[in-house]
Trainee: 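First the structure, then my questions, so here it is.
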Amino acid sequence: MIELRADELVFAFPEVHPGAQATVNFQRTLRIPDDGKDYPLPPGLGRFPLRHVDDFGRAVPPSWIEHGGVLLPMYQAEALWLSFQGNYLDEHEAYYRIALKIATGKINAVSGQPWRAGLHRRPQDYVVVPEQPWLDGYCVEKGIIRQFVAMPLGAGYTAEEQVTGKAEFGGLQIMAIPMKRDVFERHFPKVPTRPIVREPRSSVICFSAGGSEMGLAPGGRMRQEISEDPFDLADWDLEHASRCFIHICNSKDWQAITGEQPPTEPPTAAAYTKAGMPWFDYYSEREAVAGSKVLAGLQSVATLGRRRRKKPLPENETVKVDRVINLRPVQLKGRVREYIC
Amino acid sequence: MNETFGRFVRRRREELARGRGGYSVRKMAAMLDIQPSYISKIEREEVKPPSEETIIQMAQVLEVDQDVLLALAGKVSADLRGIIVKRPQLFADLLRQIREAPDHAILRVVREIRDGKW
């Protein structure tokens with residue numbers, strides 16, 4: 001089952017294990033310059049609002065009702081990243097593992113292949129939570145992604161349109177698959193009970209922070225590894241997959257559809273950096289997957305714009321990043337990139 | 001719910017103190033920016049439970065669900081009140097209908113995100 005709780009998708013599989021759960025939220029962020037340079041991780045500036053499409057039946061395109069799922073608002077040329085959290089089970093001293101398959105316009109963001117059921121290796125077409133804490137874009141090289149940037153569906157920039165030649169689906173698609181219960185319990189057996197000592201919650205840094213249908217397109221380059229699945233393909237319980245369609249609506253139409261104000265536009269990368277705010281780097285010891293040749297062959301929004309003699313990305317100047325905070329996996333439980341304001 | 005607000009706060013605070021320390025009445029009072037004697041009186045139930053705002057802060061410090069703590073104090077959070085007040089007849093009817101239902105049946109009422117035809 002999938003629930004919407006506080007602008008977060010909660011994928012839960014109580015029929016597999018009471019703790020089989022993972023959450024996904026969509027973080028507002030800076031658009032990194034699309035200038036061929038490799039940037040560190042930009043911050044999270046809070047969650048995008050998420051709403052059930054069923055609540056706005058007459059105000060959204062009929063295909064959205066057909067697809068079901070949720071909708072979120074993005075400005076044209078705005079970026080986002082996906083934040084993943086696992087469910088920590090004290091009695092196992094481990095997170096319940098969940099595999100997540102992520103696509104934009106039904107093109108897999110890790111493998112570049114068209115949407116298909118199940119999980120695959122060679123190339124791997126999913127990420128594992130909590131091994132993978134986030135995903136900022138398309139996996140174009142080993143250790144490099146191209147940032148997810150919202151562009152109007154039909155303008156030819158989205159990954160979907162570049163791969164299939166059609167502007168059919170747009171948005172994002174996520175499928176979650178839990179680890180098989182017996183496999184989880186074998187890998188992470190229960191430990192003798194003792195007083196629960198939770199880590200104190202660290203203080204959260206607070207930063208004050210065409211048509212309506214949008215898709216995601218490849219933007220600037222960012223250093224980010226997509227971790228290889230450390231488990232066996234047979235360890236995943238494919239009989240209990242859940243999937244969700246996330247439609248992207250242009251922020252300028254959000255109020256007309258939902259009656260709510262959309263979030264404000266994020267600062268530019270230049271303004272953020274000039275204000276002395278931090279960027280992030282994250283290293284883990286895990287092996288990373290190789291980039292997808294299909295995704296590596298996509299034209300970035302700025303490149304495609306230049307070829308068309310257009311300027312689809314305002315404020316795309318190169319930024320010199322001086323302040324970078326290095327994150328380690330051990331810190332992720334308490335300190336993360338996203339700020340809750 | 002047989003537990004009272006004061007007894008619950010004391011039991012939870014002592015549980016945390018045993019687990020990791022740093023949860024004396026004095027330290028908890030400092031975290032909440034209130035007098036230690038006030039915490040002692042709350043725990044001994046010599047005073048009424050504090051304001052909604054303080055209870056929500058206490059729930060964070062004690063790492064418990066704020067709605068559970070508010071309920072022990074005989075209160076309902078402002079956001080839930082807002083939801084009911086917006087559509088009183090609908091929610092009053094819903095709550096009366098499900099008040100005797102077992103937990104598993106109520107959990108089925110939780111709204112799932114609908115998956116359609118892709």
Trainee: How far does CD1 of Ile113(B) sit from CZ of Arg243(A), to the nearest 0.5 angstrom?
Mentor: 13.5 Å
Trainee: Does NZ belonging to Lys27(B) count more than 12 external heavy atoms closer than 6.0 Å?
Mentor: no
Trainee: Can you name the side chain to side chain contact (heavy atoms under 4.5 Å, CB included) partners of Ile83(B), sequence neighbours left out?
Mentor: Leu80(B), Phe91(B)
Trainee: Which one wins on heavy-atom pair count under 4.5 Å against chain B: Lys106(A), Gln173(A), His52(A)?
Mentor: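 Highest number of pairs under 4.5 Å: His52(A).
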Trainee: Name, in order of residue number, those residues of residues 16-24 of chain A that have a heavy atom at a distance of less than 4.5 Å from a heavy atom in chain B; otherwise write 'none'.
Mentor: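 Residues in range: none.
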Trainee: Does atom CG of Asp79(B) have more than 12 heavy-atom neighbours, drawn from other residues, nucleotides or ligands, at distances under 6.0 Å?
Mentor: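 Yes, enclosed.
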Trainee: Could you list the residues that satisfy side-chain hydrogen bond (donor to acceptor under 3.5 Å, both in side chains) with Asp237(A), not counting sequence neighbours?
Mentor: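 Asp237(A) satisfies side-chain hydrogen bond (donor to acceptor under 3.5 Å, both in side chains) with His240(A) only.
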Trainee: Measure across Phe169(A) and Trp118(B) and return the closest heavy-atom pair with its distance rounded to 0.1 Å.
Mentor: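 That would be CE2-O, 3.7 Å.
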Trainee: Tell me the residues of residues 61-69 of chain A whose non-hydrogen atoms fall below 4.5 Å from those of chain B, in number order.
Mentor: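 Near chain B, by residue number: Ile65(A), Glu66(A), His67(A), Gly68(A), Gly69(A).
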Trainee: Rounded to the nearest 0.5 Å, what separation is found between the CZ atom of Arg111(B) and the CE atom of Met1(A)?
Mentor: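 With rounding to 0.5 Å, CZ (Arg111(B)) is 12.5 Å from CE (Met1(A)).
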Trainee: Tell me whether the count of non-hydrogen atoms from other residues, nucleotides or ligands lying under 6.0 Å of CD in Glu260(A) goes above 12.
Mentor: yes
Trainee: With a 6.0 Å cut-off (strictly less than), is the heavy-atom count around CZ of Arg26(B), excluding the residue itself, greater than 12?
Mentor: no
